[in-house]
Amino acid sequence: MKITKSDDSLANSLHQRRQKLASLINFPTILWSGRSTPRNYPALTFPFRASSHFLYFSGLPLENAAIRLESGKLELFLDDAPASSTLWHGEMPKRAEIAELIGADAAFPMAELKSRSSSRAPLTTNAATIAVQDAFTQLQQSQILDRPLAPPTSPTGIDLELTKAIVSLRLSHDAASLAELRQAAAVTVEAHKAGMAATRNAQIEAGVRAAMESVIISENMTYAYPSIVTVHGEVLHSEHYHNSLQTGDLLLADVGAETSTGWAADVTRTWPVSGKFSPTQRAIYDVVLAAHDACIDYISPGVEYQDIHLLAARIMAEGLVDLGILRGNVEDLVEMDAHALFFVHGIGHLIGLDVHDMEDLGDLAGYEEGRTRSSRFGLGFLRLNRVLRPGMLVSIEPGFYQVPAILNNPENRTKYEDFVKWEELEKFADVRGIRIEDDILVSEKGGEVLTGKLPTKAPEIEELVALNT
Ligand code: GLY
Ligand code: MN
């Protein structure tokens with residue numbers, strides 16, 4: 001970790017976040033950052049990513065650290081690197097320097113978290129936490145707190161109270177997080193432009209991926225999730241990059257940057273490898289774009305996110321009826337989830353310190369209290385079911401996919417026999433998957449597209465692909 005300069009605005013924001021937490025709960029909190037996992041020998045590790053809850057209150061990706069929050073005060077627990085590590089890692093910032101940077105009220109070696117007693121009780125008594133992802137740290141959390149820990153998706157007691165308090169804070173972004181999110185969005189826009197411009201000279205998907213991630217890495221950022229750069233857009237989270245790029249293919253790129261303190265962007269564009277959409281590709285693209293644009297226009301405080309999903313479903317169904325792929329009344333088609341044969345996922349999710357923000361908590365963040373996932377095929381994949389509030393950042397990402405496992409499923413074939421014109425669908429065989437995704441900040445007035453500098457209209461996309469050729 002490199003620390004460059006003290007940032008007063010960061011320390012102020014962290015202070016405010018702690019004060020807000022203190023106004024919501026009246027017991028101490030201990031949050032662990034986690035640690036990296038070795039690949040084969042201890043010094044060769046998988047990349048470290050600090051727990052997002054820890055990052056939210058500490059601001060820095062410290063490894064193997066903990067913070068204790070009580071009444072708005074922060075104590076940092078972190079071991080200074082041993083002198084012998086200088087040979088391999090250089091001079092590391094000392095605990096005291098880091099404590100100052102994040103505005104900690106005190107700082108101690110890690111062992112003191114367990115052993116140090118205040119005048120009243122040990123520091124760990126009645127302290128709430130959220131279980132981190134790595135098993136080693138989870139065990140440490142449980143040992144230090146001297147109690148079993150429930151998974152973060154189903155906390156109980158004070159851990160549940162803490163989780164709800166943190167969710168209420170992290171749902172709406174403050175000025176410091178927005179500054180980071182805007183940077184992640186801006187770099188992501190450039191990465192997509194670079195990917196489009198690199199396509200005509202690339203032989204395989206990996207060439208485009210390299211061009212996109214190169215922009216992100218050059219800004220000292222990383223990717224917020226494994227990049228999806230594929231001519232098989234129907235494979236929703238494809239992590240293969242070996243396929244050759246053929247004239248006539250559509251390339252779907254879902255790539256987002258993450259800043260060095262963990263804030264994410266999440267953008268998808270789909271473009272023709274040749275630089276020109278075929279008529280069938282263009283027809284479906286424009287239906288997906290119509291859904292994308294209408295959903296973004298509809299974003300406003302007080303709007304139910306599920307209604308935005310249903311709006312996308314209606315526009316997709318209407319467009320597919322107009323193209324002769326679906327048959328029937330649009331409302332009825334949506335009611336029976338016929339749109340979901342092609343628009344197979346939810347319209348989007350929260351974005352913040354994680355690309356699917358706070359989904360380590362299951363649906364505790366994404367779903368308003370008292371709401372649960374629908375069992376409906378066309379609603380069950382919705383990751384966010386809340387009333388929109390100013391400061392929330394959400395993705396809008398309608399898509400059209402021809403997933404063989406869904407379209408060839410005998411039950412679906414029977415259920416939708418009268419509503420899908422299968423012979424018409426065959427004419428669209430060159431459209432395997434299209435998704436268009438942007439990141440929208442809910443503002444007092446409506447929605448602000450943080451990634452709006454990246455074009456979405458087909459002719460502009462074609463122009464960007466034609467650059468450099
Ligand atoms: N960017 C991947 C997803 O939203 O699932
Ligand atoms: Mn997304």
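Just so you know, ligand 1 is whichever comes first in the structure, and atom 1 is the first atom listed for that ligand.
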- Distance-only side-chain donor-acceptor flag, Gln141 / Thr129, under 3.5 Å: yes
- With Arg269 as partner, the option from Thr451, Thr456, Asp438 fulfilling side-chain hydrogen bond (donor to acceptor under 3.5 Å, both in side chains) is Asp438
- Item | Interfacing atoms of ligand 1 (cut-off 4.0 Å, heavy-atom, Asp254) | 1 (N), 2 (C)
- Message: Among residues at least two apart in sequence or on other chains, which ones pass salt bridge (Lys or Arg N to Asp or Glu O under 4.0 Å) with Glu205?
- Response: none
- ring-ring contact (aromatic ring centres under 6.0 Å, His included) against His349, all qualifying residues, sequence neighbours excluded: His356
- Message: Test salt bridge (Lys or Arg N to Asp or Glu O under 4.0 Å) on Glu368 and Arg386; report intermediate values, then the result.
- Response: CA-CA 5 Å; Glu368 205 100 41; Arg386 280 188 176 272; 3.7 Å; yes
- Protein N, O or S atoms less than 2.8 Å from the Mn ion (ligand 2), ignoring waters? Asp266 OD2, His349 NE2, Glu397 OE2, Glu437 OE2
- Task: Determine whether any heavy atom of His345 lies closer than 4.0 Å to an atom of ligand 1.
- Result: no
- With His345 via ring-ring contact (aromatic ring centres under 6.0 Å, His included) - residues at least two apart: Phe343, Tyr401
- Query: To which protein heavy atom is atom 1 (N) of ligand 1 closest, and what is the distance rounded to 0.1 Å?
  - Reply: Asp266 OD1, 2.8 Å
- Task: Just jot down the ligand 1 atoms closer than 4.0 angstrom to any heavy atom of Glu397, in number order.
- Result: 4 (O)
- Message: I'd like to know if the side chain of Asp430 pairs up with that of Ser278 as donor and acceptor (distance under 3.5 Å, no hydrogens or angles considered).
- Response: yes
- Are any side-chain N or O atoms of His53 and backbone N or O atoms of Val132, one a donor and one an acceptor, separated by less than 3.5 Å? no
- Sub-4.0 Å atoms of ligand 1 with respect to non-hydrogen atoms of His356: 3 (C), 4 (O), 5 (O)
